[in-house]
Trainee: 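Could you have a look at this structure, given as structure tokens, before my questions?
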2 protein chains.
Amino acid sequence: MKTAMRSHLCGALRTEHIGATVTVCGWVARRRQHGQSLMFVDLRDHSGQVQCVVDGSVDVRSEYVVAVTATVAARPVGTINPNLATGEIELHDCTVMVLSAALPPPFPIDERADSVDEATRLTYRYLDLRRERMQRNLRTRSAVLAALRSELVPREFVEVETPLLMPSTPEGAREFVVPSRQFPGSFYALPQSPQLFKQLLMVGGTDRYFQFARCLRDEDLRADRQYEFTQLDIEMSFVDQDDVLEVISAAVLAAARAVTGGTVVPIERITWHEAMDRFGVDKPDLRFGLELVELTGVFTGSGFQAFAGAPSVKGIRVPGGSATHNRKALDALTERAKQLGAKGLVWMRVGAGGSLESPVAKFLSAAELAGIVKATGGEDGDLLLLVADEWATVCEVLGQLRNDLGRPPAGEGGFRFAWVTDFPLFVGVDSQTGRPKPGHHPFTRPHPDDLDKLETEPLAVRSRAYDLVLNGWELGSGSIRIHEPDLQQRIFATLGISAEEADRRFGFFLTPFSYGAPPHGGFAVGIDRLVAILAGEDNIREVIAFPKTQSGLDPMTGAPTPIDARQVRELGIRVLPTA
Amino acid sequence: MKTAMRSHLCGALRTEHIGATVTVCGWVARRRQHGQSLMFVDLRDHSGQVQCVVDGSVDVRSEYVVAVTATVAARPVGTINPNLATGEIELHDCTVMVLSAALPPPFPIDERADSVDEATRLTYRYLDLRRERMQRNLRTRSAVLAALRSELVPREFVEVETPLLMPSTPEGAREFVVPSRQFPGSFYALPQSPQLFKQLLMVGGTDRYFQFARCLRDEDLRADRQYEFTQLDIEMSFVDQDDVLEVISAAVLAAARAVTGGTVVPIERITWHEAMDRFGVDKPDLRFGLELVELTGVFTGSGFQAFAGAPSVKGIRVPGGSATHNRKALDALTERAKQLGAKGLVWMRVGAGGSLESPVAKFLSAAELAGIVKATGGEDGDLLLLVADEWATVCEVLGQLRNDLGRPPAGEGGFRFAWVTDFPLFVGVDSQTGRPKPGHHPFTRPHPDDLDKLETEPLAVRSRAYDLVLNGWELGSGSIRIHEPDLQQRIFATLGISAEEADRRFGFFLTPFSYGAPPHGGFAVGIDRLVAILAGEDNIREVIAFPKTQSGLDPMTGAPTPIDARQVRELGIRVLPTA
């Protein structure tokens, strides 16, 4: 963009500008002295680089900030650089004005910095950000935010900012707290999510809400987690599940298209049960096959007790896996399966004509062997991996092995979104109380077809909870909520929560709902992960401008730090001596 | 918007829908029983209300949430309500489904709630928000955010989220702090503004940044201040002041147009000196006249020492003010002027033929009296108010009186933006050190024409700092920054800050800048105030979904509260017993 100081961006100059006088501004990316009288200077801004042919006496060094006024000229034949967008031109008759001198940078401002240790990159984040990769990531993030918004505004969503200084709630993950100076000894909490407020907006008649919500959790950090994260938070009234899924689908597909510049595969929709059955996980990576194959029926009445006695037998077929897995690799897979909770792993190599080589082949009938080959579609050279156990264990173990064996790296295989619906309302039973435990949160709506099983068969009750998955990552979750006090009481009763306890723990919801809550539901999309996947990055820190390290430090500013004693005292607290 | 549960919004039905079967959802705003067999129910959603003619036996009460499936019919002649958008139709053959029952609301959900005390409104904010006024304010805010963004994205601004967990800095206003569990005894600070990070983004080559930044200040609250506030934060590289002003002008005018739906008066541009001279304040309200009139020259060599000896004499003319100000009112004005720092206030009533009635008239020559009338343009019936003193005092006192006498209430007089530029770089002198004090912050760029006066006449140096004013409110401020270490050193030297002290206090800026900072500048627009003015509200709490009270409490959730002892201990702090 043109400004008072420049006429063009460095990366925008083309042969069509030849002959024009231009002024570009940027950082000296490289200079190559050609004798005393001539120097080539590559000038860089976020849009790219341009080569300036300058007088050899000009005193500029790496990362100096300069303005160059010059004439655009065609590069001499033989010096055209086809790998550079500006590679057909260069700048002649340059007047170079140094705007800022610069110390030598601690690491090179190009792709070589990828291998610099992260603490150094974060200490000098303001230099790291000058790199093409980081600028691309920042701009991808910004484009994703804009694309998501572009689908919400026409659907009449209202952007509302909810408070950062929230009430503290003992539920959920560990929260950050903020001591109050006005009320010494009292604390605000920073939001883990705006769940409370967005549902109150619905009670307040707001109808459709969205926010790019800044959230914080005081949890141990890892590659896909930071103290701070951003979620696209939405909530809608007078809707069912399809209404919510339609909006979020449109938004995330727009985001993906903004990055690819082309079409994106439509979002598949799959129930939780089918996801477990076919992929062994509730966040299936649809970029590859290796689906779980149902084999239980093949072994009904089998003489091989390990299979016949198991509630579930499933397998996966690894095409051509026979040759790529020697005995040592198979042992490693078996070991991995056991770590994942299986009693064992049965492998089979498919030979010519559908023969099977396996340590257990001798225990199986010809019909059973043929049944395995038929069900899996095994062909010569394939490897089959079978697990027999409880259905959940079989799914989990094979689902993990499937990911181990087939999952493409970040940035490959395109973008494959999936909706996973119909999550179980309850997950397992509390060992102490014998009561079912909520799968999502206790305000999640049961599936309307399963309402009559709530008291009699709670673990069979499905919910109106749904997850959005991209390339095997959970991007977010949501649900249709319970808006009727009487249904909410039935859920609390099933969970063994008394009316008094419910009121004490959840009164902030229950009181407002007694004044007339509309049917409503919502969703939250994790922006850091969404952007990382769309940008082809493994680590969310690469798509956050100023992330913390994995120990929660900011090596650039030194935060956190001790603070002034008077400041602490005013808050009505005291810092304890460290042990 | 259509959803699975409704075909239309309540407020969207018109005569064109007559005969159609529709389903609307909403809250029962009012019901009027007509005998046993008939009832009129006004159903409300955010879009408006519609009248439903239902069977008298239907059991619905105020604020019940219902879905009504019905046929749209013309209202009988004589029952049309021209004040209601849906006033020509009503719903017949209604099937009413109660979605949620509701307790009777503690206050009426209409304009009568305006007079309910604010603590009650905030305790039941989820009911308060159902009101037309509050829904309009929320939607105005959302539309303003969208309009502002719509001017930034095409100008290639990159939206970047900066950290909420920041380093603590002793500079500036009081900050909120967050104890670190990972590093007990250390604290993060919540951002008072993203100033540090946005300038580092420029050092990092990001070129153009924007963010709707959530900021927090632990300051005592008043009508126009909350702990939390939102600012549209921008920063640009390789620009001068005009570049910044152009972008912000386009953005705020788009926001104003989004609210008015029509044209908006272009933004006036005025230097700080002219603003003081003409309006007596640095945030002039341009919705009304009453400008300050320069009278110093009239009294050169006057026999009236109070005027002749003063460095500055100015007056304001109040058209028709003679009749509206009796002696008591004039005494009150005089008292007010003295409170504001004037030694006194001279009033004059303009009579027929330009005569002047005033306690001081007898001390003034005919030429002086005529000079006053000529300069002020005084006419029969006008009131003139004169102050003589130092220029700054004269401006300040008359500027306040001008506002007292002429300022229209919120929501009246249209939207009049002004840029105030060329603020003094320094404001006054520190009584202890004898050094000038920075007007904005010490990184503000001096006016290029005044650079040579930096050491010799610092108080005469203008800056590249600018404010945006709307209807007499400061909406925000910004500046072009200093990007060169040597100029920065000159400023520090003028302020009496040694290199060591500068490094200790501002090292987080100075180190990055030594690696090559581009020329850059930026701005921050206060969103709460902007929206309040555009929405015609006096109090920013009316345009915040969930504000705190003036004592910093949230009466709805009870925040802040004491927290769990274990949670406190983990943070390495202890809560002191209250005295």
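Just so it is clear: chains get the letters A, B, ... in the order the sequence lines come, proteins before strands, and each one is counted from 1.
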Trainee: Checking heavy atoms, do the side chain of A:R174, its backbone, both or neither come under 4.5 Å from chain B?
Mentor: side chain

Trainee: Using a strict cut-off of less than 4.0 Å between a Lys/Arg side-chain nitrogen and an Asp/Glu carboxylate oxygen, indicate whether A:E161 and B:R141 qualify as a salt bridge.
Mentor: yes

Trainee: Among B:G552, B:P167, B:A146, single out the residue with the greatest number of heavy-atom pairs under 4.5 Å to chain A.
Mentor: B:P167

Trainee: Using a cut-off of under 4.5 Å on heavy-atom pairs, state which of B:Y64, B:Y124, B:F513, B:F508 scores highest against chain A.
Mentor: B:Y124

Trainee: Looking at B:D207 and A:R6, does any basic side-chain N land under 4.0 Å from a carboxylate oxygen?
Mentor: yes

Trainee: Between B:S551 and A:Q182, do the side chains contain a donor N or O and an acceptor N or O under 3.5 Å apart?
Mentor: no

Trainee: Side chain, backbone, both or neither: which part of B:R131 has an atom under 4.5 Å from a heavy atom of chain A?
Mentor: neither

Trainee: Less than 4.5 Å to any heavy atom of chain B: does that hold for the side chain of A:L138, its backbone, both, or neither?
Mentor: both

Trainee: Under 4.5 Å from any heavy atom of chain A, what part of B:D243 do you find: side chain, backbone, both or neither?
Mentor: side chain

Trainee: Mind listing the closest non-hydrogen atom pair of B:P518 and A:V65 along with its distance?
Mentor: CA-CG1, 3.9 Å

Trainee: Is it the backbone or the side chain of B:L99 that comes under 4.5 Å from a heavy atom of chain A, or both, or neither?
Mentor: both

Trainee: Looking at B:D242, B:V153, B:T230, which has the largest count of heavy-atom pairs under 4.5 Å with chain A?
Mentor: B:T230

Trainee: Measure distances from B:Y227 to the heavy atoms of chain A and classify the residue's part below 4.5 Å as side chain, backbone, both or neither.
Mentor: side chain

Trainee: For each of A:L201, A:I527, A:V568, A:V66, tally heavy-atom pairs with chain B at distances under 4.5 Å, and name the one with the top tally.
Mentor: A:L201

Trainee: Heavy-atom distance under 4.5 Å to chain A: side chain of B:E570, backbone, both or neither?
Mentor: side chain

Trainee: Show, in sequence, the C-alpha distance, side-chain angles and deciding distance for A:R181 and B:E219, and conclude whether the salt bridge (charged side-chain N to carboxylate O under 4.0 Å, His left out) test is met.
Mentor: CA-CA 10 Å; A:R181 184 174 53 91; B:E219 287 186 316; over 6 Å; no

Trainee: Could you check A:L571, A:V178, A:D564, A:I573 and say which one makes a side-chain contact (heavy atoms from CB on, under 4.5 Å) with B:V177?
Mentor: A:L571

Trainee: Return the option, out of B:G26, B:A545, B:S514, with the maximum number of heavy-atom pairs under 4.5 Å with chain A.
Mentor: B:S514

Trainee: Can you say whether A:I544 sits under 4.5 Å from chain B via the side chain, the backbone, both, or neither, judging by heavy atoms?
Mentor: neither

Trainee: How close do B:S168 and A:T561 get, heavy atom to heavy atom, and via which atoms?
Mentor: CB-OG1, 4.2 Å

Trainee: With a 4.5 angstrom heavy-atom cut-off, could you sort out which part of B:M134 is near chain A: side chain, backbone, both or neither?
Mentor: neither

Trainee: Looking only at non-hydrogen atoms, find the nearest pair between B:K548 and A:L165 and report the distance.
Mentor: NZ-O, 2.7 Å

Trainee: Between B:D554, B:T162, B:D486, which has the largest tally of heavy atom pairs under 4.5 Å with chain A?
Mentor: B:T162

Trainee: In terms of heavy-atom proximity below 4.5 Å to chain A, should B:R149 be classed as side chain, backbone, both, or neither?
Mentor: side chain

Trainee: Could you report the tightest heavy-atom contact between B:T557 and A:L196, atom names first, then the distance?
Mentor: CG2-CD2, 4.0 Å

Trainee: At a 4.5 Å cut-off on heavy atoms, which part of B:K2 comes close to chain A: side chain, backbone, both, or neither?
Mentor: backbone

Trainee: Specify which of B:L129, B:V575, B:L576 makes the most heavy-atom pairs with chain A at under 4.5 Å.
Mentor: B:L576

Trainee: Please give me the minimum heavy-atom distance between B:L164 and A:E228, naming the atom from each residue.
Mentor: N-OE1, 2.8 Å

Trainee: Heavy-atom cut-off 4.5 Å, strictly under: side chain, backbone, both or neither for B:P179 against chain A?
Mentor: both

Trainee: For A:Q211, is it the side chain, the backbone, both or neither that has a heavy atom under 4.5 Å from a heavy atom of chain B?
Mentor: side chain

Trainee: Using heavy-atom distances under 4.5 Å, tell me whether B:V160 contacts chain A through its side chain, its backbone, both, or neither.
Mentor: side chain

Trainee: Measuring heavy-atom distances to chain A, does B:M166 have an atom under 4.5 Å in its side chain, in its backbone, in both, or in neither?
Mentor: backbone

Trainee: According to the interplanar angle, ranging from 0 to 90°, do the rings of B:Y126 and A:Y515 count as parallel (below 30°), tilted (30 to 60°) or perpendicular (above 60°)?
Mentor: tilted

Trainee: Under 30°, 30 to 60°, or over 60°: which ring-plane class applies to B:F546 and A:F197, parallel, tilted or perpendicular?
Mentor: tilted

Trainee: Quick one: what part of A:V158 sits under 4.5 Å from any heavy atom of chain B, side chain, backbone, both or neither?
Mentor: both

Trainee: What closest approach, in Å, do B:W27 and A:G516 show between heavy atoms, and which atom pair accounts for it?
Mentor: NE1-O, 3.0 Å

Trainee: Under a 3.5 Å distance rule, please check whether A:S180 uses its side chain to pair with a backbone N or O of B:P560 as donor and acceptor.
Mentor: no

Trainee: At a heavy-atom separation under 4.5 Å, does B:Q567 approach chain A through its side chain, its backbone, both, or neither?
Mentor: side chain

Trainee: With a 4.5 angstrom heavy-atom cut-off, is it the side chain or the backbone of B:P104 that approaches chain A, or both, or neither?
Mentor: backbone

Trainee: Need one label for B:P194: side chain, backbone, both or neither, based on atoms under 4.5 Å from any heavy atom in chain A.
Mentor: neither

Trainee: Could you tell me whether the side chains of A:Q135 and B:T206 share a donor-acceptor contact shorter than 3.5 Å?
Mentor: yes

Trainee: Test your reading of the model: is there a side-chain donor-acceptor pair from B:S100 to the backbone of A:E484, 3.5 Å cut-off?
Mentor: no

Trainee: Is chain B contacted by the side chain of A:P485, its backbone, both, or neither, given a heavy-atom distance below 4.5 Å?
Mentor: neither

